[in-house]
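Have a look at the structure below before the remarks.
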Amino acid sequence: MNLSQAIVEICKKEGIKDAFGIPGAGCNAFYDALKDAKDEIHHITMRHEECCVHAADGYYRASGRMALAICTSGPGATNFTTGIYTANIDSIPLIAITGQAVRAQLGKDAFQCVDMVDIARPVAKHVVCLTDPKTAVDEVIKAFKLAKSGKPGPVLIDFPLDMQKVEVDFDPDSYEPVKVENPKASPAAIKAAMDMLLAAEKPVILMGGGVILAEADKELVEFAEIMNIPVVITYMAKGGIASNHPLYAGMPGIQCGNPVGNKVFSESDVVLAIGNRFTDRHTGAINVYTEGKKFIHINVERSEVGKIFNPDLGIVADAKDAIDQLLAAAKALGQQKGADRVAGIPALRAELARKVDHDCVPINPHRVFGEINKCFDDDTMYTTGCGITQIWSGQLQEINKPRKYMPSGGAGCLGWDIPGAIGAMVATGCKDKCVCLMGDFGFTFHVQEIATAATAGVPLIVCIVNNAYLGLIRQNQKFAYDYEYGVAMPENQGIMDYVKVAEGFNCEAERVFKPEDIAGAFERAKASKKPYVIDIVCEPQAHCSMGNDILHVREFNAE
């Protein structure tokens, strides 16, 4: 068989069920093999190459299963770069395949021939250009292993056109899916962690997104319950513990954080941090963040431990393994009383909760998220890209299940939301709706993908929080630099008609002006069999709260 056929067979053995791509001359030989597997690998043709990767990214976030992203060479391949970067920084594994010129034209400025290995290497977990028929199959197998192992991430396979048709020696019947073995925590390290927690007066657990990726959120919550320790989360772990759980103490941070999260975290003396990166939007000024605390940091990737600051105890281990061992140790101890503050956490949450029932016109954006919390059930999925809408969403939304809240985290990628939602809904068989949360400016980044959703029968919901501004950038200009320039977009609440845009792409849509009409729009969107766009006209001057309690925007900017 040829190499394209071999790769398709490997994909089938590795459990790939869906692919998001755009055919082109540089990858048509691969598509020739893919068409023969159409009953086993479902293909959706996207409208922009970047969105192929975003869809595969959202697919994994929702399901824990990998998908393919495919495109042609040249500008198609370079458009993959933002998607690769977004997936990589958020630790999302996927296989991306880009077409390429024939090997004889590499490095000779041939038509649509670009060095994808050098371009993508800094933003991918691994990149390889297949040039040797003798090693190509092994390189593809290695790609699957690297994508899944350790800190997971995207692997890009650059595939020259002549290599797509070259004959290789491969027996699919003898192929076994790659097995991944991640590092395990030593019993001594687990004992040391338990000793630190037991000696603490006010311990706290910091759940990172890696806990959800490792499918260990339930075990970590059970550990917290036995130890009676409050749980705070990073933004990427939203939904890892129910928002109404008696031990849920919010989200610390300078951007998506909330007052209760910052208060509980700042008053803690020992932090058990698992599956997180201590990223800047979470920590703010490191000296403020770490003051008066001891840290236990557990991460599967060795380079993450000590990268931002040195923890008092660093453990390189798979989150699931480490949490299972911690849980076993906790069960051996038996139920713990916990610190005096634990019982008061639900009341503290209520006391420090932000107001979301504003009834003003234009609509206060907080009201939008208050209505979302009331109108959608716990199985609803959400995607969001970047900007002030993402921050309002992170601060105000109540998410009670893992793999339901899917943001572009480290990249903060405008335009991620709609293709990410397509991938998420395809991965779950469109069983539950996915709501794309974005601003009016962000909507236009990859609006063309609502046409993909309409064509593919993916009835996602787009919620536009239309404040007619580059809201977060305006806020940064105003408060950090004392000016405003180039950020006002009043036309977005006037002559720009997003309802007509949506209807032109065979979607349904409506515009909302009054807060009491939001719930009805959401109900109509839930009942629709088509993608549904809701343009909610909001107060242009509304700000988001940042730097609550311990983490101040001025300190962050000073870093």
Side-chain angles (χ1 to χ4, degrees), residues 91 149-151 180-234 236-237 240-241 247 249 252 264-279 282-283 286-287 289-342:
S91 304
S149 62
K151 181 178 181 287
V180 173
E181 292 187 7
N182 286 325
K184 299 182 184 301
S186 70
I190 295 297
K191 182 181 183 304
M194 290 295 293
D195 288 345
M196 288 178 66
L197 291 172
L198 291 169
E201 293 184 7
K202 293 182 178 180
V204 69
I205 295 169
L206 175 61
M207 179 191 295
V211 174
I212 293 176
L213 294 177
E215 305 280 1
D217 46 278
K218 291 181 180 178
E219 290 81 1
L220 184 56
V221 172
E222 185 179 358
F223 172 76
E225 290 169 343
I226 295 173
M227 298 297 292
N228 215 14
I229 298 175
V231 179
V232 296
I233 61 171
T234 68
M236 298 304 295
I241 179 171
L247 291 176
V264 171
F265 181 87
S266 66
E267 294 175 352
S268 299
D269 57 355
V270 172
V271 180
L272 171 61
I274 307 179
N276 69 302
R277 300 184 293 119
F278 295 114
T279 183
H282 167 76
T283 63
I286 292 296
N287 62 323
Y289 182 84
T290 58
E291 184 179 7
K293 301 176 188 63
K294 293 183 178 180
F295 286 84
I296 305 160
H297 188 201
I298 301 174
N299 198 290
V300 71
E301 174 58 44
R302 182 174 296 278
S303 64
E304 293 291 345
V305 179
K307 183 171 73 174
I308 307 301
F309 61 87
N310 289 320
D312 298 270
L313 175 61
I315 303 174
V316 179
D318 176 73
K320 182 69 164 64
D321 168 75
I323 292 168
D324 283 346
Q325 290 194 52
L326 287 168
L327 179 56
K331 287 179 176 178
L333 280 174
Q335 183 63 48
Q336 300 295 297
K337 179 179 180 295
D340 292 340
R341 66 176 180 166
V342 172

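The shown structure was predicted, so the numbers you read here are calculated from the model rather than taken from an experiment.
Using a 4.5 Å heavy-atom threshold, the side chains of I205 and P230 count as separate. Between L327 and I226, some side-chain heavy-atom pair lies under the 4.5 Å cut-off. Taking the side chain as every heavy atom from C-beta outward, L272 and I298 approach each other to under 4.5 Å. In this structure the side chain of V204 never reaches within 4.5 angstrom of the side chain of V270, judged on heavy atoms. Contact annotation: the side chain of I190 approaches that of L326 to within less than 4.5 Å [non-hydrogen atoms, C-beta and beyond]. A 4.5 Å side-chain heavy-atom check between F265 and V271 finds at least one atom pair inside the cut-off. A heavy-atom distance below 4.5 Å is not found between the side chains of L206 and I233.
Of all non-hydrogen atoms in A237 and G209, the two that sit nearest each other are CB-N, 3.8 Å. Heavy atoms only, all atoms of each residue included: M196 and L313 are closest at SD-CB, 3.9 Å. Closest non-hydrogen pair, P252 versus H282, comes out as O-ND1, 3.3 Å. Contact record, G150 with N182: N-OD1, 2.7 Å, taken as the closest heavy-atom pair. Between S268 and R341, the shortest heavy-atom contact is OG-NH2, 2.8 Å. Taking both residues in full, the closest heavy atoms of A322 and A317 are given as CB-CB, 4.4 Å, listed atom of the first, atom of the second, then distance.
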### Message
Using the rule given for side chain to side chain contact (heavy atoms under 4.5 Å, CB included), can you reason through H297 versus N276, listing the C-alpha separation, both sets of side-chain angles and the distance that settles it, and then say yes or no?
### Response
CA-CA 8 Å; H297 188 201; N276 69 302; 3.4 Å; yes
### Task
May I have the step-by-step check of side chain to side chain contact (heavy atoms under 4.5 Å, CB included) for L247 and E225, ending in yes or no?
CA-CA 8 Å; L247 291 176; E225 290 169 343; 4.1 Å; yes
### Task
Go through the steps to decide whether M227 and Q335 satisfy the test side chain to side chain contact (heavy atoms under 4.5 Å, CB included), and finish with yes or no.
CA-CA 6 Å; M227 298 297 292; Q335 183 63 48; over 6 Å; no
### Task
List the steps and the verdict of side chain to side chain contact (heavy atoms under 4.5 Å, CB included) for V342 and K337.
CA-CA 9 Å; V342 172; K337 179 179 180 295; over 6 Å; no
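When V232, I274, T234, V221 are each tested for a side chain to side chain contact (heavy atoms under 4.5 Å, CB included) with M207, only one passes: V221.
Between the side chains of Q325 and D321, at least one donor-acceptor pair of N or O atoms lies under 3.5 Å. Residues K151 and S91 bring a donor and an acceptor atom of their side chains to less than 3.5 Å of each other.
Listed by first and then second residue, the salt bridge (charged side-chain N to carboxylate O under 4.0 Å, His left out) pairs involving residues 265-279 are K263-E267 (not counting sequence neighbours). Residue pairs meeting the salt bridge (charged side-chain N to carboxylate O under 4.0 Å, His left out) criterion with at least one member in residues 208-220, sequence neighbours excluded, are E215-R403, E219-K320.
In terms of modelled atom types and a separation under 3.5 Å, the side chain of K191 and the main chain of A189 share no donor-acceptor contact. The backbone N or O of V316 lies less than 3.5 Å from no partner atom in the side chain of N299, so there is not a single donor-acceptor pair.
Interatomic distance, K184 NZ to I315 CD1, rounded to the nearest 0.5 Å: 14.5 Å. Atom-to-atom distance recorded for I308:CD1 and Y289:OH is 10.5 Å, nearest 0.5 angstrom. Here the straight-line distance linking atom CZ of F295 with atom CZ of F278 works out to 5.5 Å at 0.5 Å rounding. Between atom OG1 of residue T279 and atom CE of residue M236 there is a gap of 10.5 Å, rounded to the nearest 0.5 Å.
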